[in-house]
Amino acid sequence: MSDVTLDEIVSLCKRRGFIYQGSEIYGGLSGTWDYGPLGVALKRNVMNLWWKMFVEDREDMFGIDAAILMNQKVWQASGHVDTFTDPMVECQHCKSRFRVDHLVDNDEYENETKEYFTRSLAFVDSLPAKYEEYSQEQVAQIGDIFGHAQTPATYPNQTTKELREYLSSNQEQAKKYLGNFPRLYLMRSAKKCEKCGSIEWGDTRTFNMMFETKVGPFADTVTIKPPRTIEAGEEIALGGPTGWWIKPSENTVYLRPETAQGIFTNFKNVVDSLHPGLPFGLAQQGKAFRNEVSPRDFVFRSREFEQMEIEYFVHSDRWEEAFEQWRLAVHEWTKALGLPEEKVHELEAPETDRAHYSKRTIDFEFDFPHGRDELLGLAYRTDFDLMNIQNATGKSMEYQPKDGGPAFVPHVIEPSFGVERAIMAALTSAYTEDEVNGEKRTYLKLPTHLAPVKVAVFPLLKNKPELVAKAREVYAMLKKEFGAVMWDDNGNIGKRYRRQDEIGTPHCVTIDFQTLEDQTVTVRNRDTTEQTRIKIADLIAGLD
Ligand code: ATP
């Protein structure tokens, strides 16, 4: 856990013009955030730092910027249309919906699942082979285990073999928070609805997190594909029998839920136009959209956010080496954000938690104010995405090595970063309180390269034209050099220092009467609050 509270961060962000609730004036739109003047500067600094570290400073990296709207086939081939879902449970009383995996204590859930299924299997194994020989008590117990829909009364021909099979598949479902186990678990552990306090829960449903929209001027048409030919005049029941499916209309498109697919779809273009040697990587920054069931914890879980992703293409024999290099590079990144090493944790994802395409994943977690949670991810995605594209389009994704060796479909290491979570982690780490002259002071100890304002310039008094003119001169000189320079002549110097401290400005320069005599200024350091006199001529070099 961090020392600073989420409320303190949110309130500073609003008070000082970093981040506001999206559409706030109209009552807000959940999961969206607007960046104010200082927030934009901070966000740009974070994104530029990333671009410099991972693209500009390296020989093996290339940048791309793909469109947000992509052909819907991209998301069918990638599996997002079918599997980019969250397990959701509904409170039967107030109808609020929650993500099951956020509602439960995950370790406890895992232990209970194991224990419950082991017990249930043992019970099923103890049953006589034939249903007719079950006692009333056993029938009732089966009802309890399988939920009402699965009692032998509704499926009278069930054999113990079938019950066993059903249990195993239910256990697999339970691991993904699906099936009827999560409901039974929530009821048994008397988990209360966060909104109304009820403990009545419905079955889990999946919910696709992609936002849909339409391209073109035509009204939406949805194709329903029945499993058989429909007879003329036949009445079709709403919902349809099993086996029916709905095909999105041709003009449905999705707002991208990740930037990665824009990279994969351009792999061939880049190879054909730049002929890079392997290994090489493609990097992209940009907006991603996810219809999160419950956006929360400030910008941590938003519906519209910014990602910075890299797909690093390697020969399948070399993935472990590349994975290790990127693991170390990720630590360099967290250092550059100013995150204390002891607050960054690597969580090796067990096979059951990994995305279906991943052979190895490390979640990098950080001690956020709301608790330890995912900051960014590093995954070995094998050749899953390029093979999907190859299979779906019939176009070869093979890479021909320059040494004339056999062509192959590259494998991929994917470091995937979220801008909002990087900003939250940087703000959390920078937020500091101390005491200066007996007064409490709050300041952001941001690394200089992230600070939205590099230096602030103050004339000691704003009603002395000679001081203001000199200060303007210094301001113009610094502005030309650093760009992000702020002018402040409002209130007493102490108050101006406090304002700059709160937004993380590393240096404040004050022009006073002595400046007019000897061309020196006072430079005050944010972290130590020490003041030194520096010649104007030495100022630029002195501020680095
Ligand atoms: P989570 O488990 O927290 O939902 P995820 O594992 O689905 O995250 P990825 O799909 O791996 O996340 O996305 C890569 C990165 O994008 C994350 O590590 C995070 O930094 C960022 N990210 C993902 N979802 C969101 C979101 N809703 N809001 C802000 N950032 C996000």
Side-chain angles (χ1 to χ4, degrees), residues 6 19 22 29-33 35 39 43 46-47 50 54 75 78-80 83-88 98-104 106 176-177 206-211 255-264 283-311 326-327 330 333-334 337 339 344-350 352-358 360-366 368 370-381 384-385 412-428:
L6 193 58
I19 303 174
L29 178 65
S30 173
T32 65
W33 299 94
Y35 285 77
K43 187 172 168 185
V46 167
M47 294 175 82
W50 186 90
F54 295 131
W75 306 109
S78 68
H80 282 81
T83 61
F84 192 61
T85 51
D86 269 341
M88 248 177 35
F98 302 91
R99 256 176 79 167
V100 186
D101 53 332
H102 288 166
L103 219 53
V104 304
N106 290 308
K176 299 178 198 150
Y177 300 93
T206 53
F207 164 79
N208 195 299
M209 290 164 71
M210 285 196 294
F211 281 103
L255 300 189
R256 66 181 178 200
E258 60 171 33
T259 55
Q261 292 306 320
I263 300 182
F264 290 120
Q284 175 168 225
Q285 300 184 328
K287 291 269 187 182
F289 304 83
R290 295 186 187 179
N291 199 358
E292 296 279 358
V293 179
S294 31
R296 63 193 165 92
D297 302 322
F298 195 30
V299 295
F300 180 88
R301 188 169 300 287
S302 314
R303 288 189 167 131
E304 175 178 341
F305 55 99
E306 204 104 34
Q307 281 188 321
M308 307 183 285
E309 293 196 295
I310 291 166
E311 305 304 331
W326 280 106
R327 191 183 69 79
V330 163
W333 164 249
T334 60
L337 286 179
L339 315 190
V344 178
H345 313 274
E346 287 187 22
L347 179 73
E348 186 85 43
T352 43
D353 287 2
R354 287 200 300 256
H356 53 290
Y357 48 74
S358 172
R360 186 176 176 198
T361 297
I362 297 180
D363 286 344
F364 284 79
E365 298 190 321
F366 178 75
F368 286 100
H370 64 271
R372 187 179 291 188
D373 217 333
E374 178 175 326
L375 170 67
L376 60 100
L378 175 64
Y380 168 40
R381 286 177 83 122
F384 175 81
D385 301 272
V412 170
I413 306 296
E414 179 192 74
S416 176
F417 305 74
V419 176
E420 283 70 13
R421 293 186 190 182
I423 289 177
M424 251 181 90
L427 286 174
T428 306

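Each ligand, and each atom within it, is numbered from 1 in the order the structure gives. What's counted below: heavy atoms across the whole structure, side chains too, no hydrogens, waters or symmetry copies.
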Checking H102 now: which residues fulfil ring pair (Phe, Tyr, Trp, His ring centres under 6.0 Å) with it, not counting sequence neighbours? none
Output for ligand 1, non-hydrogen cut-off under 4.0 Å, lists R290, E292, V299, F300, R301, S302, F305, Q307, E374, L375, L376, G377, S416, G418, R421
Taking the ring centre of each residue, are F300 and F298 less than 6.0 Å apart?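 Centroid distance F300-F298: not below 6.0 Å, so no.
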Taking only Lys NZ, Arg NE, NH1 and NH2, and the carboxylate oxygens of Asp or Glu, determine whether E258 and R290 approach each other closer than 4.0 Å.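 So E258 does not pair with R290 through a salt bridge.
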Please test F364 against E346 for side-chain contact (heavy atoms from CB on, under 4.5 Å), starting from the C-alpha separation and ending with a verdict. CA-CA 5 Å; F364 284 79; E346 287 187 22; 3.6 Å; yes
Do M308 and V419 have side-chain heavy atoms sitting under 4.5 Å apart? yes
Please check this pair: side chain of Q307 against backbone of T259, looking for a donor-acceptor N/O pair closer than 3.5 Å.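 The answer is yes, because a donor-acceptor pair under 3.5 Å joins these two groups.
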